[in-house]
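Proteins get letters first, then strands, A, B, ... in listed order; numbering begins at 1 in each.
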Amino acid sequence: MNLADRNFFKQNATELAPKLLGMTLCHVNSKGLRKTGIIVETEAYMPDDPACHASRGKTKRTLPMFEEGGMSYVYLIYGMYYCFNIVSGEKDSGQAVLIRALEIPDHSHAKEAAGPGKLCRYLEITKEQNGILLAKENNLWLENSVKLQPFEIISAPRIGISAGKEKLWRFYIKNNNSVSKK
DNA sequence: GAAATGATTGCC
DNA sequence: GCAATCATTTCT
């Protein structure tokens, strides 16, 4: 992907979510240490979807979801874990893709990012990274993965929600060990 | 102002 | 099976 091409993020979350699979998410933490992982599991959240935080209008928390596609949306869940989302679509539409799991290139850290809370802990993503544009100069960005084998995409119901369970808006790489749930 | 809730995780 | 733990939301 061309990093300058912000239009990539302007498609709907349901279209973007499967396309993010296989891409590498990169973060440079406060100590200047770079942590990366290949995205292997995502979920789409749309404006008219009861499970989506933005479905009942703008609030202080969901403000980044109403910015243009390509922003980050990070929030605290259950008082102890952060979840990282990539905002999608046009400005003011209120949609995003939750990143649920990463495959870590360094084998000694296998499975440490297999889950939305775990990957934020591993990459050291906190609310400090909320509402920033994904770009290398912001220390948080996406890259195409090198030497990636072809893979098959599975779509399945989303995890941990009470409404909208019927929608198959979770996408993951088939047979990948770092996916959080089968 | 008070109460409920949650896009999770790990331990019992 | 369920406790941990707290910012935000949704009631009074």
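In terms of the side chain to side chain contact (heavy atoms under 4.5 Å, CB included) criterion, residue partners of A:N12 (sequence neighbours excluded) are, by chain and number, A:T14, A:E15, A:M46, A:Q95. Listed by chain and number, the residues in a side chain to side chain contact (heavy atoms under 4.5 Å, CB included) with A:A163 are A:P50 (sequence neighbours excluded). By the salt bridge (Lys or Arg N to Asp or Glu O under 4.0 Å) test, A:K10 is found to be paired with A:E68, residues two or more places apart in sequence or in another chain being considered. Residues satisfying the ring-ring contact (aromatic ring centres under 6.0 Å, His included) criterion with A:Y75, sequence neighbours excluded, are A:H53, A:Y73. Checked against salt bridge (Lys or Arg N to Asp or Glu O under 4.0 Å), A:K127 has no partners two or more places apart in sequence or in another chain.
Of all nucleotides in DNA chain B, those with any atom nearer than 4.0 Å to a heavy atom of chain A start and finish, going 5' to 3', at B:dG6 to B:dG10.
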statement: Pairing string of DNA chain C (Watson-Crick or G-U wobble, both atom distances under 3.5 Å; | = paired to other strand) is ||||.||||||.
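Between the A:N138 side chain and the A:L140 main chain, no donor and acceptor come within less than 3.5 Å of each other. A donor-acceptor contact shorter than 3.5 Å links the side chain of A:E43 to the backbone of A:I159. Using modelled atom types, one side-chain atom of A:S72 and one backbone atom of A:Q129 make a donor-acceptor pair closer than 3.5 Å. Side chain of A:R158 to main chain of A:A44: a donor-acceptor pair is present (N/O by atom type, distance under 3.5 Å, no hydrogens or angles). Looking at A:R170, its side chain does come within 3.5 Å of a backbone N or O of A:K181 through a donor-acceptor pair. For the pair A:E152 (side chain) and A:I173 (backbone), a donor-acceptor distance under 3.5 Å is absent. Panel note: side chain A:K118, backbone A:K111; a donor-acceptor pair is recorded below 3.5 Å.
Residue contacts for A:I159: at a heavy-atom cut-off of 4.0 Å it reaches the sugar-phosphate backbone alone, with no base atom in range.
Under a 4.5 Å side-chain heavy-atom cut-off, the cluster of Ile, Leu, Val, Met, Phe, Trp and Tyr residues that includes A:L98 is completed by A:Y45, A:I161.
Residue A:Q149 qualifies as open at atom CD: its count of foreign heavy atoms under 6.0 Å is 12 or below.
Between B:dA7 and C:dC11, the distance separating the two P atoms is 16 Å to the nearest Å.
Residues from residues 161-182 of chain A with heavy atoms under 4.0 angstrom of DNA chain B, sorted by number: A:I161. For the segment residues 117-124 of chain A, residues with any heavy atom less than 4.0 angstrom from an atom of DNA chain B are, sorted by number, A:G117, A:K118, A:R121.
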- prompt: Taking protein heavy atoms under 4.0 Å as touching, what does nucleotides 3-12 of chain C look like 5' to 3' if B marks base contact, S marks sugar-phosphate-only contact and - marks none?
  reply: -BBBSSSS--
Could you give the side-chain donor-acceptor pairs of residues 17-31 of chain A under 3.5 Å, partners two or more places apart or in another chain?
unit_1 : atom_1 : unit_2 : atom_2 : d
A:K19  : NZ     : A:Q11  : OE1    : 2.6
A:T24  : OG1    : A:S145 : OG     : 2.7
A:H27  : ND1    : A:L123 : O      : 2.6
A:N29  : OD1    : A:K31  : N      : 2.9
A:N29  : OD1    : A:G32  : N      : 3.1
A:N29  : OD1    : A:L33  : N      : 2.9
A:N29  : ND2    : A:E124 : OE1    : 3.3
A:N29  : ND2    : A:E124 : OE2    : 2.9

